[in-house]
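In what follows, a structure is listed as structure tokens, so that the remarks can point back to it.
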Amino acid sequence: MSSEVLARREAVRSDRRARYERMVEIRALEDKVRGLFAEGLVHGTTHTCQGQEAVAVGVAAALRPSDAVCCTYRGHGHAMALGLTPLQVCGEIMGRTVGSIGGVGGSMHLCDMSVGLLPTFAIVGAGVPVAAGAALTAQVRGTDDVAVALFGDGAANIGAFHEGINLAAIWNLPAVFICENNQYGEYSPIATTTPIANIADRAGGYGIPGEVVDGQDADLVFAAVESAAARARSGDGPSLLEMKTYRYAGHSRSDTAPYRPEGEFEEWYQRDPINSFGARLVAEGLLTEGDIDEIAVSTAARVDAAVEECAAAAAPGVASMFENVLV
Amino acid sequence: MSSEVLARREAVRSDRRARYERMVEIRALEDKVRGLFAEGLVHGTTHTCQGQEAVAVGVAAALRPSDAVCCTYRGHGHAMALGLTPLQVCGEIMGRTVGSIGGVGGSMHLCDMSVGLLPTFAIVGAGVPVAAGAALTAQVRGTDDVAVALFGDGAANIGAFHEGINLAAIWNLPAVFICENNQYGEYSPIATTTPIANIADRAGGYGIPGEVVDGQDADLVFAAVESAAARARSGDGPSLLEMKTYRYAGHSRSDTAPYRPEGEFEEWYQRDPINSFGARLVAEGLLTEGDIDEIAVSTAARVDAAVEECAAAAAPGVASMFENVLV
Amino acid sequence: MARMRMNQAIAAAIADEMRANPDVVVFGEDVAVAEGPFKTSAGLLAEFGPLRVRDTPIAEMGFMGAAVGAAATGLRPVTEIMFVEFLGVALDQLVTEAAKFNYLSGGTVTVPMVMRASVGAGLGFGCQHSQVMESWMVGSPGLKIVMVSGPHNAYGLTRAAIRDDNPVAVLEPRALYATRGEVTVGVEGIIPLGRAARPASGDDITLVCGGSTVRTCLAASGDADGWTADVIDLQTLQPWDAETVLNSVRRTGRLATVEECPYSGGWGADIVSTVVAEAFGDLQAPPIRLTAPDVHVPFGKELEQRYLPSAEYVATQVGELLATGEAPAHWWERDGALV
Amino acid sequence: MARMRMNQAIAAAIADEMRANPDVVVFGEDVAVAEGPFKTSAGLLAEFGPLRVRDTPIAEMGFMGAAVGAAATGLRPVTEIMFVEFLGVALDQLVTEAAKFNYLSGGTVTVPMVMRASVGAGLGFGCQHSQVMESWMVGSPGLKIVMVSGPHNAYGLTRAAIRDDNPVAVLEPRALYATRGEVTVGVEGIIPLGRAARPASGDDITLVCGGSTVRTCLAASGDADGWTADVIDLQTLQPWDAETVLNSVRRTGRLATVEECPYSGGWGADIVSTVVAEAFGDLQAPPIRLTAPDVHVPFGKELEQRYLPSAEYVATQVGELLATGEAPAHWWERDGALV
Ligand SMILES: Cc1ncc(C[n+]2csc(CCOP(=O)(O)OP(=O)(O)O)c2C)c(N)n1
Ligand SMILES: Cc1ncc(C[n+]2csc(CCOP(=O)(O)OP(=O)(O)O)c2C)c(N)n1
Ligand SMILES: [Mg+2]
Ligand SMILES: [Mg+2]
């Protein structure tokens with residue numbers, strides 16, 4: 001498994017076409033998830049990331065497998081961009097032993113250390129100081145790895161954000177703090193909870209660089225993360241990047257997003273990260289229109305197959321409840 | 001007691017000479033506190049505020065008794081400036097029934113709601129969101145009271161600071177957040193814990209005004225707080241004020257401040273808030289040199305008498321432990 | 001009387017208190033416009049407006065602290081912690097500030113705030129969103145803790161909590177939000193804090209429960225073969241109604257506590273230790289505790305149900321206790337349990 | 001063997017682990033330059049330098065989270081929470097993140113971090129700086145909890161905690177930092193987690209204690225008139241050594257737990273509830289719990305000492321238990337106690 005995961009990661013790192021394909025794959029799996037609930041194949045909740053795929057692949061492309069990533073419950077896309085297979089992700093969502101942690105965690109809890117994905121965080125903001133700690137490891141050991149925290153716009157108002165970034169700044173840690181501003185924290189539009197327009201502006205309060213990035217453009221995301229990571233690797237400390245993006249689905253399974261102003265989705269969809277990146281690759285001659293169609297079809301088939309494999313896979317037994325509690 | 005407390009508050013509010021006298025009184029009591037430990041009259045710890053008296057009287061002068069004040073463990077000066085008597089403060093430090101909460105709290109725990117002093121906070125940062133809540137009461141009830149949080153430079157790095165100010169900003173609450181930057185958080189110089197020069201600059205992250213104030217000048221403190229309070233009273237929301245000040249003593253009883261660079265204290269002492277304010281009042285003809293001497297002598301005598309009264313006062317009995325736990 | 005779901009009963013209780021007292025305000029994450037993730041504040045914003053019903057940023061320490069400050073200066077805030085685990089980022093304000101303010105003000109300041117939180121397993125939310133965590137709050141003098149077990153007492157206890165002058169934590173099993181039941185509405189429906197209820201009575205054993213385990217105990221004793229139980233729904237966990245429990249145990253001679261939390265650190269241990277100290281001579285068998293095991297709440301429908309003490313489990317354990325006079329092994333200690 | 005104060009023993013334990021393993025790092029508020037407010041990190045910065053020994057901002061959530069991240073990626077951080085109450089602003093990272101990481105990584109990630117905290121009353125720090133708060137941590141699967149009771153086991157348990165692959169909370173009674181004692185230094189001095197010690201043995205009662213109450217129990221039993229006690233210092237509270245406790249109680253037939261925390265929610269209840277379930281037939285008297293009352297820790301030397309269970313109190317309660325076979329009333333329940 002681990003070699004497949006690493007190969008998938010390497011593809012995203014080295015090949016923009018693979019980034020495109022991965023975005024398509026992420027979208028395909030996320031689109032299936034709601035249906036799985038309807039079919040009774042999953043219970044509980046889930047947080048999907050349709051619309052935010054460019055952030056996922058851009059970040060993963062800019063990082064090395066030895067870099068550490070602290071991600072949230074909205075983590076399916078990041079996990080797959082980092083290399084996890086649809087089987088690992090969907091298996092976890094469905095609670096099957098093929099899931100990335102054996103099916104005992106569920107949708108919010110993915111992990112694969114072979115590509116640097118720490119256990120994803122279901123507590124808002126918790127990953128921010130944890131990323132500082134992972135960066136501390138790199139600093140103490142003298143490697144040039146970096147640690148990345150991914151968190152939402154809503155998380156920028158919680159104490160852990162403030163404390164984690166301040167700590168990284170004062171210790172000059174090799175960390176990159178990436179806010180995925182998808183415009184909503186749960187059902188609340190950001191303007192109702194956050195008195196400033198750009199989260200990136202908070203960087204000034206910690207004396208570190210802050211930058212607003214177009215999160216719908218995988219190339220721009222990649223470039224911004226790569227340069228913040230390079231800065232961190234060379235000992236110049238942390239940065240705060242804000243990816244302006246949008247989530248197409250509701251906050252979680254039960255949310256149909258009735259709070260959205262009319263036309264908002266449509267406006268964002270104009271700049272759909274997958275469509276626009278595909279068009280760019282076609283324009284650059286890296287893909288043909290035919291490739292685009294072929295990728296859509298073959299990816300859907302692959303994802304369908306993974307979902308079916310999950311449905312047929314075993315659920316963890318009672319003993320699993322008692323495993324990995326006290327070593 | 002309450003009428004004396006209110007009268008003392010009114011004096012500070014209306015009369016700059018009273019502000020001078022109160023600063024002298026604060027200094028006199030604080031200077032006695034360490035000795036009380038030596039004499040075995042107090043146990044535990046204490047945090048004194050010599051050098052920060054101008055902040056205390058400037059803040060108290062600008063507020064009304066109906067305004068709410070959330071202050072820290074370094075609260076003796078603020079309490080007295082707000083009107084509490086030396087007996088109430090020293091009684092609490094010494095654990096006597098004459099103390100402001102009956103002697104069951106100790107040095108870190110003062111309170112007198114008749115002048116708006118909420119229970120002082122021994123947990124760093126805790127008072128910041130609590131002040132937002134007190135401001136909420138004013139907003140909901142439609143009064144024009146304000147709430148003030150007083151906290152240290154060190155507290156500006158804790159989550160409660162971030163969450164409390166952000167909440168006040170987004171709700172446009174009538175609050176004034178006042179950082180007493182006395183250059184150290186416990187034994188750590190601020191530059192080792194905080195990556196920016198002015199805490200006031202963090203105001204931008206919340207879209208509210210931030211201002212650096214000379215905390216050694218009682219008039220400037222008064223003016224800054226009064227104008228921030230006026231802004232809050234008129235519905236224009238919270239502000240963040242940073243008072244640059246200095247604590248002459250160590251952090252707490254057991255600290256002799258060995259970490260201080262040579263000459264630092266002496267440099268700050270040049271601008272001692274009491275001496276300079278006294279000189280100004282003399283220059284303005286509001287006091288004579290003779291008054292200055294007289295105030296020193298009579299205040300010392302009054303404080304000595306209060307301390308003696310405390311020493312003779314009863315300690316709370318066992319029953320007090322069981323009071324005020326569940327109503 | 002009115003028939004409603006538990007989440008409706010909670011919203012009704014808050015609304016009735018808001019009508020009765022203009023000082024009652026409500027805030028939390030998405031409680032206003034969206035009416036609460038579990039719809040426990042349905043209708044409040046519409047009726048009481050944005051001054052009194054507010055959405056907060058995601059900042060539990062911030063808004064819990066704001067509740068403390070608001071309560072200390074005259075309001076009666078009702079706040080919502082969406083999942084009780086989120087108290088882990090805000091506990092200071094509830095336990096170290098609110099609960100101590102009356103003491104630290106020499107009795108001059110009260111902090112009449114309510115912290116409502118959804119608790120418990122059963123809905124597939126995974127191990128950071130499925131716990132009960134009473135243990136974070138028990139042992140905090142100055143704080144009252146309420147566990148609601150259905151629409152009826154959710155209404156009555158919530159109203160009492162809002163009226164109480166102490167900070168009160170109200171724990172709501174989220175698996176029960178959708179349960180329907182008859183509710184006595186109006187002031188007659190208010191249920192005093194500190195008193196247990198006895199939804200079933202019997203002679204052979206006292207089953208002490210609260211929150212989600214009340215229906216478990218009722219199901220177990222309702223179907224029981226050859227024994228009857230006094231089922232005591234604590235309702236208030238701190239301070240708990242020792243008199244009712246002791247009177248019952250003195251009569252039945254046997255005690256089982258039924259808790260949703262892990263064995264270690266669960267509140268049932270407090271009940272047991274008090275009962276053995278006070279009523280040792282009346283005990284005909286060792287008091288036992290039926291709990292979840294000392295593990296994280298697993299994801300997966302079957303696993304999660306296995307984690308929770310079930311009615312069948314209660315019946316089995318009580319049956320064995322009665323038959324042998326000895327404490328039966330926990331299910332996870334039995335041969336073959338883990339295969 | 002070396003004679004040292006408890007704070008020196010802690011610093012020595014950390015230093016020895018830092019020498020043995022370059023992954024051990026230390027951080028907390030004023031632990032580096034100032035060597036810790038209680039001097040529990042004396043000499044560390046000088047010997048190991050600023051890369052491994054660091055002062056943090058006042059940001060417990062931040063640095064506790066940093067410890068989680070550092071531990072998950074290969075370091076072994078030792079962090080200091082100056083007063084355990086400050087965990088109230090950081091509990092999430094210890095209990096909801098660190099303790100669950102191994103589970104949430106399918107066993108692939110360990111979080112070998114140590115959270116040291118000073119605990120307890122007796123020094124006049126007032127009610128927000130004098131508690132023990134084990135209750136915040138007990139009941140958190142995946143977390144170990146250690147209570148040290150003097151220089152010897154402070155050294156040995158701290159080293160074991162640093163070597164352990166789980167997150168470990170080490171609770172240090174601050175009233176004992178200045179106590180001197182003989183310490184077995186070196187790897188022979190390492191004391192395995194999960195095992196209790198028996199600093200005194202006897203026949204009439206088992207006194208289960210930990211942290212500051214160990215010396216209380218030793219003083220009480222040392223001076224006892226007409227009875228002898230097995231004094232069991234738990235050392236590790238989670239998981240606690242049930243075997244040692246049960247074996248002792250089966251022999252003595254009586255149990256008293258002696259705790260510094262308030263009666264409600266104290267760990268002794270866990271011990272009692274397990275003992276009554278497992279050894280009911282061996283009990284000759286009701287197990288009792290000797291604790292502080294359910295109040296805030298008062299300021300004032302006499303009051304604070306009165307708050308804590310004293311050796312005299314232990315002697316009185318045990319004497320009465322032996323004489324009457326019944327649980328004596330708590331001191332605060334007795335006639336005239338509160339005048
Ligand atoms: C401390 C905490 N508070 C509240 C929640 C509930 N919650 C889960 S996701 C969420 C919204 C987070 O919004 P944002 O940070 O913008 O991330 P997004 O979901 O948009 O990716 C909330 C309130 C939580 N998990 N943790
Ligand atoms: C949450 C928390 N962490 C740590 C402490 C211990 N502590 C008490 S005062 C203090 C220093 C605070 O510095 P600052 O905010 O600058 O205020 P100052 O003491 O200088 O007035 C510390 C670390 C505490 N009381 N609460
Ligand atoms: Mg968002
Ligand atoms: Mg300071």
Side-chain angles (χ1 to χ4, degrees), chain A residues 37 40 42-46 73 92-96 99 101-109 119 121-126 152-162 185-190 192-195 251-255 258-259 315-326, chain C residues 28-39 50 54-65 82-83 85-90 92-93 121-130 262 264 292-307 331-333 336-339:
Chain A
F37 281 98
V42 198
H43 84 141
T45 189
T46 192
Y73 49 88
E92 199 52 48
I93 296 172
M94 291 173 64
R96 305 302 159 109
I101 63 163
V104 297
S107 170
M108 299 200 274
H109 297 296
F121 294 84
I123 303 294
V124 166
D153 44 292
N157 294 326
I158 206 162
F161 162 94
H162 180 67
E186 212 175 74
Y187 321 135
S188 292
I190 176 171
T192 64
T193 59
T194 311
H251 166 69
S252 64
R253 175 207 172 186
S254 53
D255 175 31
Y259 42 80
V318 175
S320 68
M321 202 191 301
F322 296 84
E323 284 161 13
N324 309 322
V325 179
L326 277 184
Chain C
E29 291 157 18
D30 291 312
V31 299
V33 177
E35 305 192 317
F38 300 107
K39 297 287 172 210
R54 298 176 183 226
D55 289 322
T56 65
I58 307 171
E60 285 79 4
M61 183 72 89
F63 74 74
M64 196 63 54
M82 202 184 300
F83 287 75
E85 283 93 342
F86 309 162
L87 253 194
V89 306
D92 180 69
Q93 289 290 347
L123 300 185
F125 286 124
C127 79
Q128 293 181 330
H129 283 69
S130 299
S264 295
D294 281 344
V295 303
H296 303 299
V297 183
F299 177 72
K301 231 179 206 145
E302 294 74 26
L303 279 190
E304 202 175 358
Q305 288 307 327
R306 193 88 181 85
Y307 169 87
W331 67 261
W332 56 88
E333 292 170 350
L338 306 191
V339 292

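Throughout, a chain's letter reflects where its sequence line sits, starting with A, and its residues are numbered from 1. Just so you know, these numbers come straight off a predicted model, no measurement behind them.
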Measuring heavy-atom distances to chain C, does [X] have an atom under 4.5 Å in its side chain, in its backbone, in both, or in neither?
{"X": "A:Phe121", "result": "backbone"}
{"X": "A:Ser188", "result": "both"}
{"X": "A:Ser254", "result": "neither"}
{"X": "A:His43", "result": "both"}
{"X": "A:Ile93", "result": "backbone"}
{"X": "A:Glu323", "result": "neither"}
{"X": "A:Pro258", "result": "neither"}

Tell me, side chain or backbone of [X] under 4.5 Å from chain A's heavy atoms, or both, or neither?
{"X": "C:Ala337", "result": "backbone"}
{"X": "C:Ser130", "result": "neither"}
{"X": "C:Glu304", "result": "side chain"}
{"X": "C:Phe83", "result": "neither"}
{"X": "C:Leu123", "result": "backbone"}

Query raised in the report: How far apart are the closest heavy atoms of A:Glu186 and C:Glu29, and which atoms are they?
Result: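 The answer is OE1-O, 4.4 Å.
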Query raised in the report: Which pair of non-hydrogen atoms, one from A:Met108 and one from A:Ala122, has the smallest distance, and what is that distance?
Result: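 Reported closest heavy-atom pair: SD-CB, 3.9 Å.
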Beyond-backbone contact of [X] with [Y], side-chain heavy atoms, under 4.5 angstrom:
{"X": "C:Glu60", "Y": "C:Leu87", "answer": "no"}
{"X": "C:Phe63", "Y": "C:Arg54", "answer": "no"}
{"X": "C:Trp332", "Y": "A:Met321", "answer": "no"}
{"X": "C:Met61", "Y": "C:Val89", "answer": "no"}
{"X": "A:Ser107", "Y": "A:Thr45", "answer": "no"}

Requested in this report: Against chain A, work out which of C:Asp294, C:Leu303, C:Asp30 has the most heavy-atom pairs shorter than 4.5 Å and name it.
Outcome: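 When all of C:Asp294, C:Leu303, C:Asp30 are compared, C:Asp30 has the most.
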Query raised in the report: Does A:Tyr187 have any ring pair (Phe, Tyr, Trp, His ring centres under 6.0 Å) partners at least two apart in sequence or in another chain, and if so, which?
Result: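 Ring pair (Phe, Tyr, Trp, His ring centres under 6.0 Å) list for A:Tyr187, sorted by chain: A:Tyr259.
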Query raised in the report: Does C:Gln128 have any side chain to side chain donor-acceptor pair (under 3.5 Å) partners at least two apart in sequence or in another chain, and if so, which?
Result: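 Here the qualifying residues are D:Glu97.
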Requested in this report: Heavy-atom pairs under 4.5 Å with chain C are the metric here; pick the option from A:Ile190, A:Thr46, A:Ile123 that has the most.
Outcome: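 Ranked by contacts with chain C, first place is A:Ile123.
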Report task. Determine the option with the most heavy-atom pairs under 4.5 angstrom with chain C, choosing from A:Gly159, A:Gly317, A:Gly185, A:Gly105. Result ->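 It is A:Gly105.
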**Report entry** Passing candidate, side-chain contact (heavy atoms from CB on, under 4.5 Å) with C:Ile58, options A:Ile158, A:Asp153, A:Thr193
**Finding:**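 By the side-chain contact (heavy atoms from CB on, under 4.5 Å) criterion, C:Ile58 pairs with just one of A:Ile158, A:Asp153, A:Thr193: A:Ile158.
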